[in-house]
Each structure stands twice: as C-alpha cells, then as structure tokens.
There are 2 protein chains.
Amino acid sequence: MRTRVFLVDDHELIRAGIRAALADAVEIVGEADEVDAAIAMILERRPDVVLLDVHLPGGGGRAVLAGVHAVDPAIPFLALSVSDAPEDVIALVRAGARGYVTKTIGAADLADAVRTVAGGDVVFSPRLAGFVLDAFRNLPPGTSEDPELESLTPRERQVLRLIARGYSYRDVGTELSVSVKTVESHVSAVLRKLQLSSRHELTHWAHERRLL
Amino acid sequence: MRTRVFLVDDHELIRAGIRAALADAVEIVGEADEVDAAIAMILERRPDVVLLDVHLPGGGGRAVLAGVHAVDPAIPFLALSVSDAPEDVIALVRAGARGYVTKTIGAADLADAVRTVAGGDVVFSPRLAGFVLDAFRNLPPGTSEDPELESLTPRERQVLRLIARGYSYRDVGTELSVSVKTVESHVSAVLRKLQLSSRHELTHWAHERRLL
DNA sequence: GGATCCCTCGGGGATGCCCCCGAGGACGCC
DNA sequence: GGCGTCCTCGGGGGCATCCCCGAGGGATCC
C-alpha cells in the first residue's frame, strides 16, 4: 500500500513541483494553502505523513502542527522550508516535527524522506543533522527556548522587544506605565545577561532570533 | 512555434513545479541552479524568455540578469519571487527585468505571463502593478536611484552606511579619518534630507532599502 | 572675481543612553 | 519568620546623540 501524503504550502507552484516529484512514489490525499483548512482536512483524511511548509501566512507552519497535534499527536509531520536557519529547525522540531528538509532536496530524496517519516523514523538534511544532534544532546527533556532568552524575566523580554523595535527609554516607560529609571534597570539587566553592550547590538540580536 | 524558456532557480522542487506547470504551453530549453552556469547557458541557447528566481545564492538573480545583458540586452527576463517587497521589485525592474510575478501565481497565469513577456510586453502581479506605475511615473527616463538617496552627497552616503551598520560617531570618524564633529554634520544633514529624527530610524530606513 | 556646493571643524547645549550605587514592596518557598 | 527573586524607583556621572550657531578651504561654473 502506498504512503498517503498531505501537502500544505501556500504556493501553488511548489505544490505542483512536489506532486510531480512524488507522483510515482506516494499517494497525495489532499492539499491546503492556509492554516485552518489544513488542520480540518488533515484531521479528516488522516494521512501517513503531512508535508508542511514552514513559512505559511496566518500563523506559520507551527500553527498547523499545533492544531493537528492537539487532536491527534500521532500524525507525523515533515517540515519543508527554503530556510536552514537553526532557529527555524529548533522551533519546528520542538513543536513536534519528525523531520526537516529544505527545498533544495531532489525528488528521489524527498520521496525517501517521506517514506522514512511514515515509517516512524526521523529525517534531517545532512547540513542540519549535526546541528540538531548538538542542540538536543545534554538537554534535559522538557527544556525549551533559547538558554540566553530563557535567562530573562518576563518583564525584561517585554522591554527587550520594545527596545529592539526602536523605542526610546522614555517611550518604553510610557508604553509600560513605569518610570524611565525602571526601563534603564531592565535594559541594563538584559544587556548584562546577553553579554551585549548597547541597544544597537540588542536590536541586531533580536532580529537574528526573529523576536519581532 | 512554441516559446523557448530558460529556468533559473536553485531549488530543484520549484524547477520541477514550473516544468510541470509550463510543460504543455512552452518549451523548456534549459535550466541552471547557480549564477555562472546560468549566464553561460542562457547566452548559448538564446531563449525567448528567462524565468529567474530573485533570491539566488552567489550574487542573486540580479547577477544573472546583469551578466546576460552585458552581452545581449535583448533577452527578456521574467522575475519570479516569493517576495513582493517593493525594494525587490524596484531593483529587478531597474536591472532590466520585463516582469515580476510571485510564486503564488497559478500555472495558467504563469504560462500567460511567460508568453506576454516573450511577446515584448511587460507583466506584473496585480498587487505590484500599481506600485510599479507609481514608482516610474513622473521620473525622467534615465533617472535611476531612489530620489531621496539621490539627494545625499557621496560623503553623506558613506556616513549613512557606517551608521546603519551600528558604528558610533567616533567609530565613523576614525574609519573615515575625520573628526567626530564632521560626522555629526553629515549625520545631521542625512537625517534632515531623509526627514528622519534618529539614527535608529536611519538604520531601519537603510535596511528597508538593502543598502548594506 | 563672485556664487555655490561640498567637506571640514569648532563651541555650546539639550537630551538619550548606560552605568554605578542603594532601597522598598510584593510574592513564593522552606 | 527568613530568604530569594522580581519589579519598582531614585541620585549621580560619563559618554553618545542631535541640534543650534559660525567658519575656512577647495572645487566648479559663469
């Protein structure tokens, strides 16, 4: 019996490419181009594997994964992305994806990856495999989030976001209804904990981690 | 006679999707996944249209366009991108592209767009058409560059780039071998001409226009 | 020789950023 | 009750940023 695959990607051209690549190897049981429809159809059709684009509008691929797994965590997801940024990989795997491949993959390799995930195994592109192993080795289960971001208090993260967006200390104070001195305290703590030395580096740091 | 199309995209899956979408409508005379090979093959095979991904590694789609047009400016390019950011559109059109569509386009529309460009016309996605017209209306032919950037002197642009990269006034002064006061003068002039009020906004402005 | 830019600098000042110091109140944990 | 963490806020100081003012030298154009 052929592997039953569901496709989620907002680009018709890419879905067509995947269909063409997998047509001989698996059975495509459905497609969706946005979050809500994807969740509903996946739960209805129960595919063996969901092939999921990471960068969906309306919440991203993670929203689809979370929505489906809230009802049935047994349906395996294979994430497909143009990005191989570590943040994206980590986020998807922590959300429950059983694999992550980039769109540079060839048709034959993609078919193999789909069958592997359907069989219960885990798949990563060679360039990502080493990174993923590093990231999860020595981490107690249940640990999530970036360890540096983890060290910040809730208030500090709130201030961090506003500062990274270009707010002045005074603006942040007004926005959060506290004094400028309090904002200074939080920024100071953030800079110390992240080992940075100016709000400019902070902005750069936040952008790198997509915290906006 | 069928339109002869050349494909440039670093993602095998996307090329496969485009092949599948266009197979009945045009003839694919070649493909490439990186800049140098693309230039060489396009100049050799002289397609009626080159379908070009904007975001190529190794210089981007603009490098391919520039390389080909340096030898033969008559070969028309249709840019294909996941982005519909104004900066990307402007850059590609100024570089010489005869059209710009996003990957959300369907197969039939893409085939139409390819034939239109091959026929000498210009094609833009509906969401971009209005923007492009606005950008080029009232511009004397031969004018290039952003009018706001245009108003800056060479020295001011140099300072702008360094400031946007996070340099302090003192660092910029050291880098350019002038005093801090001179840097202040230039920054002041830049902020006034661009109608901005802080170096943070300046950084944001520069990033939006990909001036780094 | 003027007129006009551009680049170069200075003084002085208002404000923002970042740090040091200390401190009080709220909350949860043992 | 004590202990720790978090959030709040102040004084004070050093440096950065951004503005005002003026000014000299060099290049270009008429």
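Keep in mind that the numbers below use all heavy atoms, side chains included, and drop hydrogens, waters and symmetry copies. So that the names make sense, note that chain A is the first sequence line, chain B the second, and so on, each numbered from 1. Just so it is clear, the model here is predicted, and its values are computed rather than measured.
Checked against the 6.0 Å centroid threshold, A/Y167 and B/H200 do not count as a close aromatic pair.
The interatomic distance linking B/Q158 (CD) with C/dC7 (P) rounds to 9 Å, in whole Å. Between the NZ atom of A/K193 and the P atom of D/dT5 there is a distance of 10 Å, given to the nearest Å. One atom, CZ of A/R157, and another, C1' of D/dT5, lie 14 Å apart when rounded to the nearest Å. Straight-line distance from the CG atom of A/L191 to the C1' atom of C/dC17: 10 Å, rounded to whole Å. As rounded to whole Å, 9 Å separates atom C1' of C/dC6 from atom CD of B/E156. Rounding to whole angstrom units, CZ of residue A/R199 and C1' of C/dT15 are separated by 14 Å. With rounding to whole Å, B/I163 atom CD1 is found 8 Å from D/dC18 atom P. The distance between atom OH of A/Y167 and atom C1' of C/dC17, rounded to the nearest whole Å, is 18 Å.
For C/dC7, the OP1/OP2 oxygens have a side-chain nitrogen or oxygen of B/T153 closer than 4.0 Å. Between B/H186 and C/dT8, a side-chain N or O to OP1/OP2 separation shorter than 4.0 Å is present. Using a 4.0 Å cut-off, no side-chain N or O of A/R155 falls inside it from OP1 or OP2 of D/dC6.
Under a 3.5 Å cut-off, the side chain of A/D48 and the backbone N or O of A/R4 do form a donor-acceptor pair. Looking only at distances, a side-chain donor or acceptor of B/R15 sits under 3.5 Å from a matching main-chain atom of B/D9. Although no hydrogens or angles enter the test, the distance criterion places a donor-acceptor pair under 3.5 Å between the side chain of B/E201 and the main chain of B/S197.
Nearest heavy-atom pair across B/P47 and B/V29 is CB-CG2, 4.0 Å.
Residues of residues 168-185 of chain A that place a heavy atom closer than 4.0 Å to DNA chain C, in numerical order, are A/S168, A/Y169, A/R170, A/K181, A/E184.
Between B/L160 atom CG and B/I163 atom CD1 the span is 8.5 Å, to the nearest 0.5 Å.
Donor-acceptor pairing under 3.5 Å is lacking for the side chains of A/T174 and A/D171.
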